[in-house]
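Remember, predicted model here, so these are calculated numbers, not experimental data. We count residues from 1, following the sequence as given.
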Amino acid sequence: MVLLTRMESELHARDRVGVEDFVLLEDYTDPNAFMDNLKKRSKENLIYTFIGQVLVSVNPYKNLDIYSNDMIETYRNVNLYELPPHIFAISDVSYRLMREECRDQCILISGESGSGKTEASKKILQFLAAASHHNPTVESVKDRLLLSNPVLEAFGNAKTNRNDNSSRFGKYMDIEFDYLGTPLGGHINNYLLEKSRVIHQNKGERNFHIFYQLINGADDETLGQLFLRRDPQSYYYLNQGDSDDIIGTDDAKQYSIVTNAFKAFDFKDNDEMNLLSIVASVLHLGNTGFYEENGEAVIAQLKTVSHICKLLKCKEDLLQEALTNRTIEARGESVSTPLTRDQAIYARDALAKAVYERLFTWLVNKLNESLESKGHRSRKTLMGLLDIYGFEIFTKNSFEQFCINYCNEKLQQLFIELTLKSEQEEYRREEIEWEPIEYFNNRIICDLIEERHKGIIALLDEECLRPGDASDDTFLEKLELNVGTHPHFCSHNTGDNKTKKIIERNQFRLSHYAGEVVYNISGFLDKNNDLLYRDLKRAMNSSGNPIIQKVFTQNEINSKKRPLTAGTQFKNSLSKLMDALLSKEPWYVRCIKPNDNKMPNQFDEQVVRHQVKYLGLIENLRVRRAGFAYRRTYDAFLHRYKSLCPQTWPHFNGTAKDGVRVLVNYLGYDLDQYRMGKTKLFIRFPRTLFDIEDAFQQKKHELVAIIQARVKGRQQRKRYLEMRQAVTVIASYWRRFLAIKLLARRRLAAHIIRTFIKGFITRNEPENDCNRAFVKNVRAEWLKRLSKQLPKSVLDKSWSNAPKCCLETSELLRKLHQRWLVRKYIKSISPERKRLMDEKVVAEELFRGKKISYPSSIRYMFKENRLSSELETLRRSIFETKHIRSDEKTIYCTQVVKFDRHGYKQRPRILLLTNSAIYLLNEKDMKPKHRLPYKSITEIVVSDLMDDLMIIKIPAELKQDKGDLILDCKQHIIEVVTKIIIMNKDNSKLNVVNTGSITHLSSDGKVGQISFSKGIENGIIKRKDGVLQVTSKSP
Ligand SMILES: Nc1ncnc2c1ncn2[C@@H]1O[C@H](COP(=O)(O)OP(=O)(O)O)[C@@H](O)[C@H]1O
Ligand SMILES: [Mg+2]
């Protein structure tokens, strides 16, 4: 909708002037309004206007820039009313209907001579060529279709006073398309070539273009071969009109276009030359003059005949004879009679016309052969293009105008048939109320002309065939007799006084639908007879020119039947044409020429009004406005537009008519816009239709989107399913792979476990395959465990339990480790401490198991000095400096108590050992009281008890020492004794006694006694009996 309004506003902006469809005229019944609109528009160069679907075209007589390829593109696939009226709009809509709905179409172009019909048909061809598919094979078809125009125009068009390029034949062209709209070929029908032009032209007019093109365009050599001079004026058939060239047209250039076009139509090598020879021979024929001798015609210039015979390759004497004599066959005998000069000229002209006409027909056939679609079996649809001479009213109208106007009556009849009448009849059939329109049905005129036995053509034929002196005058009498009372016929004799003044005695007047035309009777019989003497036919038949031979057949000469008259032939071909058109969907282009002067920017109201009238445009418009622009069977309408209404989409349950009713109600049409017939829906205004069509086009996008979405959805789902399937496959393979891996792992695990168990079971067997790994593992594990639990000190005797297989190793390791610990320990102790330890060892040897106090001494390390610090200081300062001998070194010192040898008086003393002797020092002054070298000691006696008493026995000779030394070692007995023994270097000097009492020598040889006993406390007392009582505590 938006699109349409946008386009419409553009349209309105463009068409400032007038309405682009006469249907939109306010006062559509007023011819002045119609004229006004046409005039305004053509002034603005808006040459096209619609009447509904009929295109009215005004010849601009100037080139407008509206036929470019861009323009074609603009008009392609656009609704008829969406863009300004244009010949391309009609072309497009009919082409599309043909392609999409496979219905044959025809475009009927009508109008006066010079109104632009041929141009219009060329534009349509141009559009079809551009709009259809492009591919190489089609291009040649298109080329040929387009190239057929210059060829046919060269031979069939001529300059007239109305049109410089007037088609002097009717042309109907069928173009064949395949289902894609690709042109496959075509067929051309030609009608009623105005052959009289070959021999005669009115002032200002020319013969057919080809003659001038040949003379001006062919090279000298060709002209020489054709015995022609480059001078049109020197040919009788060309110089009557006194008009050689056409302004703006170059004959020579056109000649090369035409001869080039021949190549596209499969012309064989000789075809062109043969054809040109015939054209030339027609000119030579025109220059063949006669003079009269004794009432008999004699050829004046034998040379021309000789040229003709050379060109047509026929026998010279035969042609000469035929040109001047006539053979009449009567009662089985043939008699040759000479012709008068007039008769000879008549025969010559007849031959020229016949040769040219037949040449033209041959040419059309030749083109058709080449245009024929070959090898296409598929269904073809047709697009017909009718470009036929329009209504002609000249000052002198003859048989040709009669035929032409008859043809236009027929076309008008067809138009009425197809539009007006059939439309009304359809309304009646559909039971739709209809305001009857008064329109003129020209059937009555058609009947007047063509009715069997009674029509003018039938009467003319009768007069031609009648024995006796039939003449044009007798023909007129016959007409007056038979159709004199017909309302559309009038002659001098049948008319009233007023008409008598207009119509001369040798004239009759027909009231055509387009106006009254007065025809001059002279020549009617001749032209209808179209007589060509058999002698001439025979001469032509003898020709060596294949074209001539082909068109003048032996059959024709032999035939006894009279050939059909020109009128009847034309009637028949017209009726065939009507049949062809009736089977197609018609489109009309009504051409109007704005003036009689071939001038641009001239709008001659008189001239145009006349054409508007006889083209029946006003009536056409009235019907349009009264009627409905569009109708369609319910089925078709519903089928096309059901998507626009939810109730009808996608299916309507019910009759199509009900469906359409629902649809129309839904769309909100009011009764003004449509009617419902019995089988069809009628829509009054084209706009309504285009609205719905646009809505449909819009909807189509949505539908397409839905369909696309579905399709895409399906494709996607298919892809998805495939992928899912693929995923399942991959997953199953993956799971399988994982399962295999897991299985392998479990197998391995089981194997390991089994091996382990086997290893465990056989762990104690000698190493074999079964237990090797296990044992190895056990060893490793044990070693690891052991490494963490190794004893850290020498005294730590713990040791990790070893498995059986490692027992030996364990033991070795344990020892190793212990030794290592010991070694480490040993390395860690000082030499001093070592010495002390050594002394401990000696102590063990000396006392172990001998003295009870020994075990309790083990714990305590020996010392080298047991003095208090004051004593030590004293000792150092006194003894070390004053008393010690120079070779001596103090080794040990401790406090002891010395018992005098008699009296056992206790004296505190310092016991000091040097490397060579024992000193006893006074505690107070550190003076040595006693010095005893070790070697003088004989024995050292101690008890086996807990006491600390020590007796050092000295030999008697050393009695100055006052006898044996009795010392209380104050808990260090073991230490003191050990050190002395060590210094003495003789273990045997120690005597541990268990006797309970001992004796010792005191000074002056007396013997003392010491008694040992056990008690609670250690103690030493002098008993009353003089015995030294040593009490030892129990351990
Ligand atoms: N649409 C047009 N644009 C320009 N000139 C045109 C157009 N239609 C016709 N003419 C001019 O008018 C002349 C006559 O047109 P033509 O088609 O031969 O008439 P018809 O075939 O009806 O006798 C052309 O030669 C051309 O000069
Ligand atoms: Mg024409």
Side-chain angles (χ1 to χ4, degrees), residues 192 194-196 199-200 295 297 325-351 353-354 357 396-406 447-486 489-495 503-510 517-537 556 559-572:
L192 206 71
E194 189 199 39
K195 58 184 174 184
S196 62
I199 58 160
H200 174 77
N325 293 283
R326 181 187 176 193
T327 307
I328 297 169
E329 272 159 66
R331 286 176 230 105
E333 284 181 39
S334 51
V335 187
S336 176
T337 40
L339 298 173
T340 63
R341 180 174 176 264
D342 286 349
Q343 284 172 328
I345 290 171
Y346 175 84
R348 176 199 72 186
D349 287 349
L351 177 63
K353 288 192 283 184
E357 186 189 35
K396 185 176 179 243
N397 301 299
S398 183
F399 181 71
E400 288 84 3
Q401 280 67 48
F402 173 75
C403 288
I404 287 169
N405 293 341
Y406 161 53
D447 287 347
L448 171 65
I449 297 170
E450 65 177 10
E451 210 178 351
R452 294 183 79 187
H453 309 303
K454 285 189 254 170
I456 293 174
I457 292 176
L459 296 172
L460 182 59
D461 280 1
E462 231 179 83
E463 200 61 11
C464 286
L465 300 177
R466 170 174 80 84
D469 286 336
S471 71
D472 294 329
D473 293 335
T474 59
F475 167 58
L476 184 57
E477 281 166 28
K478 196 181 186 99
L479 283 184
E480 284 165 352
L481 191 69
N482 286 283
V483 296
T485 54
H486 195 282
F489 179 87
C490 188
S491 71
H492 187 86
N493 289 337
T494 61
I503 306 169
E504 289 171 28
R505 285 185 188 282
N506 64 344
Q507 291 177 332
F508 69 94
R509 188 181 72 186
L510 288 183
V517 182
V518 176
Y519 296 97
N520 195 310
I521 204 78
S522 66
F524 261 64
L525 249 61
D526 261 355
K527 284 172 180 170
N528 191 40
N529 259 331
D530 194 18
L531 198 62
L532 180 64
Y533 297 141
R534 196 169 301 232
D535 307 66
L536 286 169
K537 288 183 186 169
E556 188 190 348
S559 165
K560 292 279 179 285
K561 249 177 78 184
R562 271 188 79 103
L564 286 178
T565 61
T568 302
Q569 273 184 42
F570 186 56
K571 193 179 99 177
N572 291 347

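Residues Tyr519 and Gln401 have side chains that never bring a donor and an acceptor to within less than 3.5 angstrom of each other. For the residue pair Ser522/Asn520, the side-chain donor-acceptor check at 3.5 Å is satisfied.
Between Phe402 and Ile449 there is a side-chain heavy-atom pair separated by less than 4.5 Å. Side-chain contact between Leu460 and Thr565: absent, with no pair of heavy atoms (C-beta onward) separated by less than 4.5 Å. By the 4.5 Å heavy-atom criterion applied to side chains, Thr485 and Thr494 are not counted as neighbours. Counting heavy atoms from C-beta outward, Leu448 and Leu510 have side chains that approach closer than 4.5 Å. Counting heavy atoms from C-beta outward, Gln343 and Arg326 have side chains that stay 4.5 Å or more apart. Side-chain contact between Glu556 and Leu532 is absent, with no heavy-atom pair separated by less than 4.5 Å. With contacts defined as side-chain heavy-atom distances shorter than 4.5 Å, the pair Asn506/Asp472 does not qualify. With contacts defined as side-chain heavy-atom distances shorter than 4.5 Å, the pair Thr337/Ile328 qualifies.
Considering all non-hydrogen atoms of both residues, Ala344 and Ala297 come closest at CB-CB, 3.5 Å. The minimum heavy-atom distance between Ile457 and Gly567, with the atom names listed, is CG2-C, 3.9 Å. The two atoms that bring Cys403 and Leu192 nearest to each other are CB-CD2, 3.3 Å, heavy atoms only. Nearest heavy atom pair, residue Thr474 against residue Glu463, reads OG1-OE2, 2.6 Å. The two residues Ala347 and Leu536 make their nearest non-hydrogen contact at O-CD1, 3.5 Å.
Residue Leu481 holds its CG atom at 11.0 Å from CG of Leu476, rounded to the nearest 0.5 Å. Atom CD1 of Ile503 and atom CZ of Arg509 lie 4.5 Å apart (nearest 0.5 Å). For the atom pair CG (Leu531) and CG (Leu525), the distance works out to 11.0 Å, reported to the nearest 0.5 Å. Rounding to the nearest 0.5 Å places CD1 of Ile456 at 8.5 Å from NE2 of His486. Here the straight-line distance linking atom OG of Ser471 with atom CD1 of Ile521 works out to 9.5 Å at 0.5 Å rounding. To the nearest 0.5 Å, atom CD1 of residue Ile404 and atom CZ of residue Phe570 are 7.5 Å apart.
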| Test side chain to side chain donor-acceptor pair (under 3.5 Å) applied to Lys527 and Ser196, step by step | CA-CA 9 Å; Lys527 284 172 180 170; Ser196 62; 5.5 Å; no

| said: Please evaluate residues Arg534 and Thr327 with respect to the criterion side-chain contact (heavy atoms from CB on, under 4.5 Å), reporting the C-alpha separation (whole Å), side-chain torsions for both, the decisive distance (0.1 Å), and the verdict. | reply: CA-CA 7 Å; Arg534 196 169 301 232; Thr327 307; over 6 Å; no

| Lys195 and Asp530: side-chain contact (heavy atoms from CB on, under 4.5 Å), yes or no, with the steps? | CA-CA 11 Å; Lys195 58 184 174 184; Asp530 194 18; 2.4 Å; yes

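Here Phe508 and Phe524 bring their ring centres to under 6.0 angstrom of each other.
Applying the salt bridge (charged side-chain N to carboxylate O under 4.0 Å, His left out) criterion to Arg562, with sequence neighbours excluded, gives no partner residue. Residues passing the side chain to side chain donor-acceptor pair (under 3.5 Å) test with Glu480 are Ser491, Asn493, sequence neighbours excluded.
Around atom CZ of Arg466, more than 12 heavy atoms belonging to other residues, nucleotides or ligands sit under 6.0 Å away.
No donor-acceptor distance shorter than 3.5 angstrom exists from the side chain of Gln507 to the backbone of Val518, with no hydrogens or angles considered.
Here salt bridge (Lys or Arg N to Asp or Glu O under 4.0 Å) pairs that include residues 338-350, with residues two or more places apart or in two chains, number zero.
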